[in-house]
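Notes follow once the structure below has been shown.
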Number of protein chains: 2
Amino acid sequence: MPGGEAPVPAAEHHDDGARTLAGLGEAGVLRLIGRELAVVEERRPWPEGSVGIGDDAALLPVSPGGTLVSTDSMAEGHDWLPTWPAGVRTRGFDVGWKAAAQNLSDINAMGGVPTALVMALTGPRRTEAAWIAGVARGLATALLRLGADECRVAGGDLGGADRAGLAVTVLGRPGAHGVLRRTMGEQDLAAVRSEGGAVVHAGSAPGWAAAGLALLLTDRAELEERWHALAPQDRPGPRELVRAVRAQLRPRPPLGAGPAGAGALACGMDVSDGLGRDADRLAAANGVQLWADEAWVAEAAAPLRRLGRLLEIAPEEWVLGGGEDYGLLAVVRPGHGVPPGFRVIGAVPSSSSVPAGHRLLGEAGWDHFA
Amino acid sequence: MPGGEAPVPAAEHHDDGARTLAGLGEAGVLRLIGRELAVVEERRPWPEGSVGIGDDAALLPVSPGGTLVSTDSMAEGHDWLPTWPAGVRTRGFDVGWKAAAQNLSDINAMGGVPTALVMALTGPRRTEAAWIAGVARGLATALLRLGADECRVAGGDLGGADRAGLAVTVLGRPGAHGVLRRTMGEQDLAAVRSEGGAVVHAGSAPGWAAAGLALLLTDRAELEERWHALAPQDRPGPRELVRAVRAQLRPRPPLGAGPAGAGALACGMDVSDGLGRDADRLAAANGVQLWADEAWVAEAAAPLRRLGRLLEIAPEEWVLGGGEDYGLLAVVRPGHGVPPGFRVIGAVPSSSSVPAGHRLLGEAGWDHFA
C-alpha cells in the first residue's frame with residue numbers, strides 16, 4: 001500500500017487523538033485495515049507465484065480470457081451524506097459495501113467474474129479510525145456476502161483530503177460464456193430486428209434504492225408529519241422503510257447472473273443510473289427500442305405504493321427513473337430461453353410498431369411522468 | 001465510463017455556465033476527455049477480442065505472466081494546492097501527469113511494464129472544463145513521454161466532490177526478468193549478508209521534487225525578499241527554480257529501468273516518501289542496513305546548494321529526506337553488474353561494521369539532520 005504524502009504545511013492539520021487517522025498514523029491505519037481484510041485473505045489465499053499487498057504493486061495470477069477492469073468512486077457530500085436529513089448516519093461499513101458493490105456490478109454486467117479489487121481511501125486527518133475500519137469491513141463483507149468468491153483485495157492507497165472519498169477499481173475475468181457487451185453482435189442484431197427480443201432484468205427490484213434516497217433526503221420531522229397525516233392503510237411500515245434505505249446504502253448486484261446468463265444474452269449492462277436512462281443507452285448502442293411491459297411496471301411499483309404516498313412520488317417514477325439498484329438489464333438472444341435469475345420485463349419490438357401493453361423505456365419514458 | 005450519480009439535492013449545486021463540468025454535463029465532459037485521450041488510443045489500438053472504453057468494463061488482452069496492479073490518489077488541498085503560496089497555479093495538466101507518473105512508477109518498481117490505466121476524477125460542478133481537459137491531456141502526455149509504450153487508458157469515472165481529486169489505478173505485466181520484490185529471495189539475502197551488496201538508484205536526481213515543494217510552499221514576497229538578501233553568487237537562477245518546481249509537479253519515473261534491471265537486482269522499490277524513509281522500509285523488509293556513500297550525497301546535494309541557501313535548508317536533507325522523485329532504489333544481486341541506468345549510491349555492508357565514508361540511510365539519517 002504505497003501512501004502518497006500530503007505536501008501541505010502541518011499547521012493546516014489538527015490531531016484529535018489516537019483514534020483518528022492523524023493519531024494512528026499511516027502505519028497504524030494500514031494495520032487496522034489489514035485486520036478487517038484478513039477474512040478475505042483467509043478465504044482467498046494468494047496462489048504460489050503471485051504477490052499480495054505489501055510491495056509497490058500486487059501480482060495477480062494469469063487470467064486466461066483477458067482481464068476486465070472498471071473503476072468507480074464515491075465522495076462524501078455527493079454520493080453520501082455523513083448524516084442524512086432523515087437523521088440516518090452513513091456508516092463506514094455502508095460506504096465500503098456500496099463502493100465494492102457498484103464496482104462488482106460492472107464486472108457482472110460484462111458477464112465476468114471479479115478477481116481482484118484495489119481501493120484508494122482519502123479523508124481528513126480527523127477521520128475516526130472506527131469509520132475507516134468500517135469501510136474496510138463493509139468492503140470485505142460485500143465481497144463475501146455478494147458471492148464474489150474469487151475476488152481478492154490486491155492493494156490500496158491512503159491519502160489526505162478535505163472530505164472522505166473512496167475510489168475502487170475492480171478486475172475480473174470473462175466467464176465461461178465470454179463477455180457480455182452493450183452492443184449486440186451483427187447476427188444477434190439482425191435476428192432481434194427481424195424477430196424481436198425479450199428485455200430481461202436480474203437483481204434487486206428496481207426503484208427501491210431511489211425510494212431509499214428520497215427517504216434519506218427528507219427531513220425527519222417532515223417525514224414524521226407526513227407519515228401521521230396519511231390514512232393508516234397508506235402508512236409505510238418499518239419493513240418498507242428499512243428495505244428502501246438498505247437498498248440505497250447497501251445495494252446487492254446479482255453477481256453470477258452476468259456470467260451465467262451471458263451465453264443466452266445478446267447485450268446487457270448494469271442499471272446504475274435508472275432503468276429508463278440505461279435502457280436508452282442500451283437502445284442507442286444498438287439502434288433499437290426497448291419497451292417495458294406495463295404489467296411488470298405495475299407489479300414492480302405496487303410494493304412501493306405506500307412509500308410513494310409518503311413522499312408524494314408516483315412509484316412508477318422510482319421503478320423507471322431511479323438509479324443505484326445495480327440490477328442487470330439485457331436483451332435475450334433470439335432462439336434462447338430466459339436465463340436463470342432473469343425475468344422478462346419488456347420487449348424489443350421487431351418493427352417500429354408500438355407493442356400492446358408496453359411503454360417506451362427511456363429518459364422520456366419517465367421525465368414527463370411525474 | 002460508468003458515471004455515478006450524485007444523490008444530493010440540486011439546490012446545493014451551482015451552474016456557472018457551459019465551460020464548467022455542470023454546464024457541459026457528463027456526456028460533454030466525457031467527449032472532452034475522449035478527445036484528449038485519442039492520441040493514446042491512436043498509438044495503442046485495442047487488439048482484436050479486447051474491449052475499450054464504452055462498456056461497463058474494459059477487457060484487456062491476456063497478460064501471460066500475470067497482472068500487476070497498483071492504485072494511488074491525489075486530492076486538491078493535500079497533494080496539490082490550486083495556487084501555491086509561491087504564486088504558481090497547478091494546472092490540470094500537472095495533476096494528470098503526476099497521477100499517471102506515480103502509478104507508472106509502482107509498476108516500474110516491480111520490474112513491470114504498464115499495460116493499462118483507469119482514472120476516477122472527482123470535483124465540484126463549477127470545475128472548469130479546460131482544467132478537466134488538462135488532466136486528461138497531462139495523463140496522456142505522461143504515458144507518451146515517459147515511455148509507457150504499452151499502456152492504454154482503459155476507463156474512468158466522473159463524480160461530484162467538494163474539491164478535485166484524481167484516483168488512478170495502473171495495471172502491468174511482469175517484464176522479461178520477472179517481478180522485482182521488496183524482499184530478497186533466500187539465496188540473494190544469504191549472499192548479500194556474506195558478501196555485502198551495492199545500493200543503486202535510477203531516475204531523476206533525488207531531492208529536486210522536495211526542493212520544488214519547499215519553493216512552492218513559500219510565500220512569493222518572502223521568496224523575493226530572501227532572494228535579494230542573498231549574495232549574488234548564492235542566488236538560484238531561473239533554471240534551478242524551474243527545474244525544482246517541475247520535479248515536484250511533473251515527476252519522471254525511470255520507466256524501463258525496472259524491467260531492464262530486474263534480473264540483476266535482489267530487491268527494489270520506488271522512492272515516493274524520501275530516500276531515507278523508503279530505504280528504511282527496504283532494509284526492514286530484508287533485515288539488513290542500507291548505507292549511503294557520503295561522496296554521492298555530497299554530489300547530489302551540490303546542485304541544490306543555492307536553493308538550499310534561499311530556503312535555509314541543508315540540501316542533503318532534501319536528497320535524503322525528500323519524497324516524490326519516483327526514482328528506483330534497489331540492491332544489486334551479488335555476482336551481477338550494475339544494470340544500465342542505475343548508479344551506485346551506497347552499500348549493504350556484509351557485517352554490522354560501519355562502512356567508511358558512508359552514512360546510514362533511514363529516517364534517523366535525516367530526521368536529526370537539520
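Just so we're on the same page: letters track the sequence lines, and every chain starts at 1.
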Open item on the list: Side chains of Leu59(B) and Pro174(A), heavy atoms from C-beta outward: is any pair under 4.5 Å?
Closed with: yes
TODO: Examine whether an atom of Pro85(B) lies under 4.5 Å from a heavy atom of chain A, and if so say whether it belongs to the side chain, the backbone or both; otherwise answer neither.
DONE: neither
Task: Contact leader toward chain B among Gly323(A), Pro64(A), Gly165(A), where contacts are heavy-atom pairs under 4.5 Å - done: Pro64(A)
- [ ] Name the option with the most non-hydrogen atom pairs under 4.5 Å to chain B; the candidates are Gly65(A), Ala154(A), Ala116(A), Ala167(A).
- [x] Gly65(A)
- [ ] Give a yes or no on whether the backbone of Asp270(A) and the side-chain of Asp56(B) come within a donor-acceptor separation of less than 3.5 Å.
- [x] yes
Open item on the list: Taking side chain as everything from C-beta outward and backbone as N, CA, C, O, which of these in Val69(B) sits under 4.5 Å from a heavy atom of chain A? Side chain, backbone, both or neither.
Closed with: both
Open item on the list: Need one label for Arg181(B): side chain, backbone, both or neither, based on atoms under 4.5 Å from any heavy atom in chain A.
Closed with: both
Task: Interface moiety of Leu121(B) toward chain A, non-hydrogen atoms closer than 4.5 Å - done: neither
Open item on the list: Let's test your reading of the structure: which of Asn108(A), Thr115(A), Val51(A), Ile107(A) forms the most heavy-atom pairs below 4.5 Å with chain B?
Closed with: Val51(A)
Open item on the list: Please check: side-chain N/O of Thr71(A) versus main-chain N/O of Ala120(B), any donor-acceptor pairing under 3.5 Å?
Closed with: no
- [ ] Look at Arg173(B), Met110(B), Arg163(B), Met74(B) and state which one has the largest set of heavy-atom pairs under 4.5 Å with chain A.
- [x] Met110(B)
Open item on the list: Please classify the contact between Thr67(B) and chain A as side chain, backbone, both or neither, with a heavy-atom cut-off of under 4.5 Å.
Closed with: both
Open item on the list: What's the separation between atom OG1 in Thr169(B) and atom CG in Asp157(A), rounded to the nearest 0.5 Å?
Closed with: 9.5 Å
Open item on the list: For a quick test of reading the model, state the closest non-hydrogen atom pair linking Asp106(B) to Ala57(A) and the distance between them.
Closed with: O-CB, 4.3 Å
Open item on the list: Looking only at heavy atoms and a cut-off of under 4.5 Å, which of Val168(A), Val118(A), Asp162(A), Leu216(A) has the most pairs with chain B?
Closed with: Asp162(A)
- [ ] Spell out, as yes or no, whether a donor-acceptor pair under 3.5 Å connects the side chain of Asp55(B) to the backbone of Arg182(A).
- [x] yes
- [ ] Might you point out which heavy atoms bring Gly160(A) and Asp79(B) nearest each other, and give the distance in Å?
- [x] O-OD2, 4.2 Å
Task: Which of Gly112(B), Ser50(B), Ala161(B), Ala75(B) touches chain A most, by non-hydrogen pairs under 4.5 Å - done: Ala161(B)
